[in-house]
Amino acid sequence: SGFPSLLKNGLSKLGVPKEFLEFFSRRTGNYPRIPEAKGSISAIRDEPFFMPLYELYLTYGGIFRLIFGPKSFLIVSDPSIAKHILKDNSKAYSKGILAEILDFVMGKGLIPADGEIWRVRRRAIVPALHQKYVAAMIGLFGKATDRLCKKLDVAATDGEDVEMESLFSRLTLDIIGKAVFNYDFDSLTVDTGIVEAVYTVLREAEDRSVAPIPVWELPIWKDISPKLKKVNAALKLINDTLDDLIAICKRMVDEEELQFHEEYMNEKDPSILHFLLASGDEVSSKQLRDDLMTMLIAGHETSAAVLTWTFYLLSKEPSVMAKLQDEVDSVLGDRLPTIEDLKKLRYTTRVINESLRLYPQPPVLIRRSIEEDVVGGYPIKRGEDIFISVWNLHRCPNHWEEADRFNPERWPLDGPNPNETNQNFSYLPFGGGPRKCVGDMFATFENLVAVAMLVQRFDFQMALGAPPVKMTTGATIHTTEGLKMTVTRRSRPPIVPNLEMATLEVDVNSVSSDRA
Ligand code: HEM
């Protein structure tokens, strides 16, 4: 501090551009200090951790240091700093603590991996999610959602309320298992050991990400804790299953050698695993398993959370629901959605865009500096742990009009689909820069199909006496006590079938017993 900083403050009040001021402070060797917030975060226990970070952001601004005890984190809520870290100078950052926490389940899979391993795996995996693959998945999304509709049909008939969060979790698990390694968990129908194993591992990953002490590393505890034993057994079951699936797929690929496909697609098995093996991906079986496991988790929890919060938001805004159902009725009629339909579901897309703004999954991105850098005019050392709060970016009161309001209309229907690039890193539902989500198109179509089919067939209301919907976090935002809803079948005007649709009509009718 001292004279140079006084001068700098004075100059900034006179409206001297920021770039000049930064240059000026560098010349005088007088960097400003990052604002510090101390210790108050643990005071708030029954709130998810990103909520106090929002309050602190309003007080301390787009970058501040959060200190508790010997630990300190940089909390970033400023779009240009986020862009710098995620995109412009991404090479100076690693996944840091995230890689440490997730090591037991994802190993060196694509999400936690850094450096050369990440580069090689990203190059192998991105092509697997090409457009034709995602288009081929739309049928799978429809079929899986149809299974969920059958379940809801039964509940509607029996007049029983349903807990939608766990059903969405099962829907997206069924989808991702099939899409990534051609495995049918069928978790909407049955509770098998493997489904339970997946949930055991997921819960453990979430517990570890919020645990104050890494008990799983303590020498004796590691061997005697019943919980850890259960986790290890679950991991073994999943790994064995994955090894089997890899072996089955390898045999299939060997047999089809002669009928070489342009995109390594196989109608019997369009999975990502099949693509990787058929494209001759040279990879150890441990690495392949890590990548499959990573995609299983990344693609399952996130989409389930998006659907959960979308239906919660819709239940609060009947006018949005009405408009949504109008669009779906006029675009889909009585068919399962096709890719052409999805392009026409513009309002539905905006509903999901807006749900992802209010409830970003995950709400916070984690990085660690691996070199010295200057962010937002502040110098930082290597080894800084950084949280980029997407929650704060998405709810910044200066940037968004009525930031907390669920208002899909804020994005014009004829405008571009909002993403981190056209929103200048104020909106990053799928991250940004080289580590952006590889499943963004997949997830968008998956969510569109699920939302469209569900609201086409049912009305959803919060159940009478349902527990209040509060947030809790692991990797994504969960509800504390579930999303209990009353589901009723919609009565719609009869659809006049034309010849082209006749066969599909029969299909759909056999699925849902009640046609109004
Ligand atoms: C990365 C969100 C669905 C696979 C990411 C990131 C975000 C994200 C924000 C960036 C993380 C970071 O920078 O630290 C979402 C959301 C989804 C979704 C909101 C659903 C609505 C999927 C699906 C898949 C997937 C379906 C797989 C098929 C991945 C992978 C990465 C990733 C592999 C790591 C990429 C890398 O580091 O190179 N996702 N995701 N995601 N996502 Fe997704």
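Counting starts at 1 for both ligands and their atoms, following the listed order.
If you number the atoms of ligand 1 from 1 as listed, the ones under 4.0 Å from a heavy atom of Val306 come out as 21 (C). Atoms of ligand 1 lying under 4.0 Å from at least one heavy atom of Asn447, given by number and element, are 21 (C). Counting the atoms of ligand 1 from 1 in the order shown, those under 4.0 Å from a heavy atom of Arg367 are 12 (C), 13 (O), 14 (O).
Taking the six-membered ring for Trp and thresholds of 30 and 60 degrees, His130 and Phe275 have ring planes inclined between 30 and 60 degrees apart. Aromatic ring pairs are classed by plane angle as parallel below 30°, tilted from 30° to 60° and perpendicular above 60°; the pair Phe311 and Phe460 is perpendicular.
Tyr183 meets the ring pair (Phe, Tyr, Trp, His ring centres under 6.0 Å) test with Phe185; sequence neighbours excluded. Tyr93 pairs by the ring pair (Phe, Tyr, Trp, His ring centres under 6.0 Å) definition with nothing, not counting sequence neighbours. Remark: Thr349 engages no residue in a side-chain hydrogen bond (donor to acceptor under 3.5 Å, both in side chains) (not counting sequence neighbours).
For the atom pair Met51 CE and Glu55 CD, the distance stands at 7.0 Å (nearest 0.5 Å).
Around the NZ atom of Lys436, the shell of radius 6.0 Å holds more than 12 heavy atoms that belong to other residues, nucleotides or ligands.
When non-hydrogen atoms are compared, ligand 1 lies under 4.0 Å from neither the backbone nor the side chain of Pro360. Residue-level proximity to ligand 1 for Arg122 is carried by the side chain, the only part with a heavy atom below 4.0 angstrom.
For Trp118, a nitrogen or oxygen atom sits less than 3.5 Å from a nitrogen or oxygen atom of ligand 1, counting backbone and side chain alike.
Geometrically, Arg410 does not engage Tyr427 in a cation-pi contact, judged by NZ or CZ lying under 6.0 Å from the ring centre and within 45° of the ring axis. Seen from the ring of Trp118, Arg121 does not count as a face-on cation partner, given the 6.0 Å and 45° thresholds.
At least one heavy atom of Lys95 sits closer than 4.0 Å to an atom of ligand 1. Distances shorter than 4.0 angstrom do not occur between any heavy atom of Glu446 and any atom of ligand 1.
At a cut-off of 2.8 Å, measuring from atom 43 (Fe) of ligand 1, the protein N, O or S atoms that fall short of it are Cys437 SG, waters left aside.
Shown here for Gly109 and Asp291, the closest heavy-atom pair between the two residues is CA-OD1, 3.3 Å.
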